Participant: 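Okay, here's the structure, questions in a sec.
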Amino acid sequence: MKLLITGGAGFIGSAVVRQAVARGIEVVNLDALTYAACLDNVASVAGRPNYTFVQADIRDGAAMAGVFATHAPDAVMHLAAESHVDRSIDGPAAFIDTNITGTYHLLEAARAHWAARGKPRDFRFHHISTDEVFGSLGETGFFTEQSPYQPNSPYSASKAASDHLVRAWHETYGLPVVLTNCSNNYGPYQFPEKLIPVVILKALAGEPIPIYGAGDNIRDWLHVEDHAEALLLVLEKGPVGRSYNIGGENEMTNLELVQRLCAILDRLRPGPAPYADLITFVADRPGHDRRYAIDPARIRAELGWRPSHTPETGLEQTVAWYLDNETWWRALQARKGVGERLGAAR
Ligand code: NAD
């Protein structure tokens, strides 16, 4: 199988690329190399005969048509996106352009390629999305595949729009699609503006560790390698038109998460005082969703998926990875906006 993966120089895309290449799948990694990309994330597979990198922008319809003509993929996994909620608050335009218009151009290029090959039933367009499209939960309940769409941030609204486009391209044109909506990911290679790397790197620098609001927002955390495995499983076994929610069943308040990270750092890299002393509460994110929690019953029952990392092992491995990979994160910290408070304005 020849698999086109978009966004493969990012956090989750690179995990999918590494796993797919390791399984012997022929992978074409398409990425525009925005501020959030890092080719070091895929350096371990760069020389492999079953790996190709293409720098291209999904907003460029002609370029997308060219990529399909040149590489003739049997399947697409679409992860390229603007992905940081705080940046979407300060500058929503890039989210509309990439996540909505870019997905449209990719869908059209995929549809033309699929039609030109005689509309094979085993072609796949796998759209990778987030549980944030479902909005915010109260204290109880879970997101299922039937949950109504109620996005609250420009990021989640743009991802919701892209989900709808993918669904429509299936219903209207018959394009064989599958969709997945996943909870918060963590693990190695996460860009240093996201919560977990921010906490680790602020702690190591001895700087205040910012927590939005009272730190009582709840997220359901999943290790990125477990997500990548789930995605490859859905690509291989998911029936056309089906969507799957993917989550770790690991709910934590942001404050609990930060305290756990501080405790791990206290053990692995003891400082002069407990790292939790650096915790500082700052103004909340506008429209900050209260709680996300996934019910993964469908992917478990239909495809037999189960995550292999627990938060205990996964968070410790992640902290250790950041301690061992300072050169990687130092280079990214120099990029525009990283380390600054973004998305605070109403
Ligand atoms: P990321 O920001 O780390 O990576 C995104 C990648 O897409 C980058 O390499 C970037 O260069 C590329 N890209 C951006 N715009 C592009 C364009 N116009 N053309 C081509 N490439 C472009 O994001 P991530 O955290 O790895 O998320 C990947 C996908 O998974 C996104 O679609 C996101 O919505 C979804 N998702 C993320 C999470 C999470 O917790 N991070 C959870 C669920 C779903």
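Computed from a predicted model, the values in this text were never measured in an experiment. One-based numbering, in listed order, for ligands and for the atoms of each.
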Participant: Can you list the ligand 1 atoms lying under 4.0 Å from a non-hydrogen atom of G10?
Facilitator: 3 (O), 4 (O), 8 (C), 9 (O)
Participant: Check the pair L204 / W329 against side chain to side chain contact (heavy atoms under 4.5 Å, CB included), numbers first and verdict last.
Facilitator: CA-CA 12 Å; L204 290 176; W329 52 260; 4.1 Å; yes
Participant: For residues I218 and Y292, determine if any side-chain heavy atom of one lies less than 4.5 Å from a side-chain heavy atom of the other.
Facilitator: no
Participant: Below the 3.5 angstrom mark, is there an N/O of F11, backbone or side chain, next to an N/O of ligand 1?
Facilitator: yes
Participant: Return yes when A94 approaches ligand 1 closer than 4.0 angstrom through a heavy atom, no otherwise.
Facilitator: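 The answer is no, since A94 has no heavy atom less than 4.0 Å from ligand 1.
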Participant: Would you please determine whether I128 falls within less than 4.0 Å of ligand 1 on a heavy-atom basis?
Facilitator: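 Yes; I128 lies near enough to ligand 1 that a heavy-atom distance drops under 4.0 Å.
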Participant: Check each atom of ligand 1 against the heavy atoms of C182 and keep those under 4.0 Å away; list them by number with element.
Facilitator: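 Heavy-atom distances to C182 below 4.0 Å select 42 (C), 43 (C).
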Participant: Please identify which atoms of ligand 1 are closer than 4.0 Å to at least one heavy atom of G7.
Facilitator: 6 (C), 7 (O)
Participant: I want to check something: taking the side chain as every heavy atom from C-beta on, are L257 and Y186 in contact at a cut-off of under 4.5 Å?
Facilitator: no
Participant: So do Y275 and L261 actually touch side chain to side chain, heavy atoms under 4.5 Å?
Facilitator: no
Participant: What residue and heavy atom of the protein are closest to atom 2 (O) of ligand 1, and at what distance?
Facilitator: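 For atom 2 (O) of ligand 1, the nearest protein heavy atom is S83 OG, 2.7 Å.
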Participant: For ligand 1, which atoms sit closer than 4.0 Å to a heavy atom of R59?
Facilitator: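 By the 4.0 Å cutoff, the relevant atoms are 18 (N).
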Participant: Under 4.0 Å, counting heavy atoms only: does Y186 come that close to any atom of ligand 1?
Facilitator: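 So Y186 does not count as touching ligand 1.
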Participant: In the protein, what heavy atom is nearest to atom 44 (C) of ligand 1, and what distance, to one decimal place, separates them?
Facilitator: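 For atom 44 (C) of ligand 1, the nearest protein heavy atom is S129 O, 3.1 Å.
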